[in-house]
2 protein chains.
Amino acid sequence: MVTLAEVAQHAGVSASTVSYVLSGKRSISVGTRQRVERSIQELGYHPNAGARALASNRSNIIALMVPLRTDMYVPVMMEIAIAVATTARTHGYDVLLLTGEEGPDAVRRVTGSGLADAMILMDVELDDERLPLLRGTDQPSVLIGLPADTSGLTCVDLDFGATGALCAEHLARFGHRDIAVIGEAPAVYERHTGFAERTLDGLRSRSRELGLRMLHRPCEGGYDAMAVTLARIFDERPSITGFVVQNESAVEPLLALLRQQGRAVPEDVSVVAICPDQVATQASLRLTSVAIPAQEMGRHAVEQLVAKLEGRGSDDVVLIAPELTIRASSGPAPATS
Amino acid sequence: MVTLAEVAQHAGVSASTVSYVLSGKRSISVGTRQRVERSIQELGYHPNAGARALASNRSNIIALMVPLRTDMYVPVMMEIAIAVATTARTHGYDVLLLTGEEGPDAVRRVTGSGLADAMILMDVELDDERLPLLRGTDQPSVLIGLPADTSGLTCVDLDFGATGALCAEHLARFGHRDIAVIGEAPAVYERHTGFAERTLDGLRSRSRELGLRMLHRPCEGGYDAMAVTLARIFDERPSITGFVVQNESAVEPLLALLRQQGRAVPEDVSVVAICPDQVATQASLRLTSVAIPAQEMGRHAVEQLVAKLEGRGSDDVVLIAPELTIRASSGPAPATS
DNA sequence: ATGAAAGCGCTAACAT
DNA sequence: ATGTTAGCGCTTTCAT
């Protein structure tokens, strides 16, 4: 293993000079710098991570805690994780992958050992048990998702309230007066992850303002559950002409069932989905949708964190503005019979 | 920050004693051990990762390199990653998440800096440019996937050859004589990831042995591509009664199209999928399938790696035996008209 | 069964 | 603009 000292000797300078060439924290004459850089090249030197961490008290590692459960929005999580990893690299950080499994202990372990300089938590619950720990430490952190109490925390999330409002507006603008919201599985609401409720709030209040009638039904994914839910919806409100779906695994079943019932999309019924663009564009019908901006969320989270690590941070809630893309699944409400 | 020295002082022993209590590399009297453990508890001590890595020359970190492209088998990748992370933890290791983006440089960086003790590479290509580096270093590594030349490497993968054979056998046993294989997107074959070809080889050779006629067509995901492909297949071989699908995003379109054409599954046509169980059980029809054992692959990879790290390793190729689960999408071939 | 002490490779004062 | 040096917190000989 090549050490700093060996590079220094090879270049005919002192160890600290090599260190300063690497860190740029001191001005170095051009000649010296070049000789050092050449030696680094020739010897194939890589700074030892452990030694660096010990001496500088910084590991240049960001911990990313992903939920253990892989039942929801998996591609989104993966996309966020990858965005976090690539963005972190552009700032000189590596990413440590922690699963939710260890729970709060993982936070203690990572914080206490100096393994990571900072952490990003995904899938934060409204009253997450890890939050007190985060507040109690001076280790910077960013949450992806919004807990009930955000005081003293930095959070990044899609503005789900605005997302709901946007969906209602879109359908209202097309003349729909009566809409149904197909939500996440009941378990998601019970888990109090927050985003589902916030979407609903946005939908409700804007619907009220626009004079829309709205019905909400949670729904497990899959065909059978969707069939039951849909039947109930049309039973209760035959006049419904617009759907908002916030459940990846209900999207395709919904489309199939509508087709099967002879309801044409978008002529008879309009559908707006809240899902990743990939799902919206690969469905059997190109869906009008509000995208879940996974990459952007990951990127923002890292950038907030790096800002904090460099002392220019702020305790802030960053809500990403939703964007609705009109595709083939929504159109004017049918003329009232 | 609490240090080893502080714990030692608090417990009234020397630093080395505390270290040995922690590592268990020396026998300690019960009394001393208890006092030390108590001090550790009371002070909330966590060993400093950097110092430990520097002194012991081991970071207790495993690097996991995931492919950057998120277009294929994303949930599988995520599941593998999570299985790797949780299994690693049970052996005392943490996981560093690297994206394929950095390419071979990442291997150099991690190896050179001692950031990780070992690495796992996912989505290995037949002639992967990272392989020479791995062979040239003494850092243990395990590949998930099978390159063309496995000499000197440890690999873990599903036995895709046997998987193909199993699918052919299953359909033959049900009396099918004429089958079609709907494969991955052409790009996957061009990328030479290997698994697709190996599946095909297994299908072909067992089909020959069993007297099955077989047709293979690569297929992009989505409805439109599937519609074109399916039409061509039935044009060329109207007598086909069995399908093998190895493309997550073609599964649902295939089922929808068959339904639409009035071909009942499994009465008229049987379908066998090669996909994660989750996909097979959540499709519009519960699919007979060979599972992609993501968790098992992740777990195996880590266990191979840990074995190597502890000096009881072997340069081996571990092929996981495929398992076919019969569900509702396959049955006896229809009587010949 | 326990202690003392020498590093591990680097950073960052403190010098000049 | 560069060199000298004292740690960072731990592991691990070498002693006893």
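Chain naming here is simple, since letters A, B, ... match the order of the sequence lines and numbering starts at 1 in each.
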Next item on the list: Would you please name every residue forming a ring pair (Phe, Tyr, Trp, His ring centres under 6.0 Å) with Phe160(B), sequence neighbours left out?
Entry: Phe195(B)
Counting only side-chain heavy atoms from C-beta out, which of [options] sits nearest to [X]?
X: Leu4(B); options: dG3(D), dT11(C), dC10(D); result: dC10(D)
X: Thr17(A); options: dG3(D), dC8(C), dA12(C); result: dG3(D)
X: Ala55(B); options: dC8(C), dT2(D), dG3(D); result: dC8(C)

Checklist line | Degree of bending in the helix from dA1(C)-dT16(D) to dT16(C)-dA1(D) once both end axes are built from five pairs, to 10° | finding: 30°
Would you say a side-chain N or O of [X] is under 4.0 Å from OP1 or OP2 of [N]?
X: Thr32(B); N: dT2(C); result: yes
X: Lys25(A); N: dT11(C); result: no
X: Ser14(B); N: dT2(C); result: no
X: Thr3(B); N: dG9(D); result: no
X: Ser29(B); N: dT2(C); result: yes
X: Tyr45(A); N: dC10(C); result: yes
X: Arg52(B); N: dG9(D); result: no

[X] has an atom [atom1]; how far is it from atom [atom2] of [N], in whole Å?
X: Ile28(B); N: dT12(D); atom1: CD1; atom2: P; result: 14 Å
X: Leu54(B); N: dT11(D); atom1: CG; atom2: P; result: 11 Å
X: Ile40(A); N: dC10(C); atom1: CD1; atom2: P; result: 10 Å
X: His46(B); N: dG9(D); atom1: NE2; atom2: P; result: 16 Å
X: Glu6(A); N: dC8(C); atom1: CD; atom2: C1'; result: 13 Å
X: Leu22(A); N: dC10(C); atom1: CG; atom2: C1'; result: 10 Å
X: Asn60(B); N: dT11(D); atom1: CG; atom2: C1'; result: 13 Å
X: Asn48(B); N: dC10(C); atom1: CG; atom2: C1'; result: 13 Å

Do side-chain atoms of [X] reach the backbone of [Y] as a donor and acceptor pair under 3.5 angstrom?
X: Arg135(B); Y: Ser151(B); value: yes
X: Asp159(A); Y: Ala321(A); value: no
X: Ser113(A); Y: Arg109(A); value: yes

Next item on the list: Answer yes if the side chains of Gln304(A) and Thr154(A) hold a donor-acceptor pair under 3.5 Å, and no otherwise.
Entry: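 Not at all, the side chains of Gln304(A) and Thr154(A) share no donor-acceptor pair under 3.5 Å.
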Note to self: Pairing donors with acceptors under 3.5 angstrom, does anything connect the side chains of Thr111(A) and Gln139(A)?
What the structure shows: yes
Check: Is a donor-acceptor contact shorter than 3.5 angstrom present between the side chain of Arg26(B) and the base of dT2(C)?
Finding: yes
Notebook entry, point to check: Has the side chain of Ser16(A) got a donor or acceptor that lies under 3.5 Å from a partner of the other kind on the base of dT4(D)?
Noted result: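 For Ser16(A), whose side chain was compared with the base of dT4(D), there is a donor-acceptor pair (under 3.5 Å).
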Next item on the list: Answer yes or no: is there an ion pair linking Arg89(A) with Glu102(B), defined by an N-O contact shorter than 4.0 Å?
Entry: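 Yes, charged N to carboxylate O under 4.0 Å.
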Notebook entry, point to check: Do Leu146(B) and Cys155(B) have side-chain heavy atoms sitting under 4.5 Å apart?
Noted result: yes
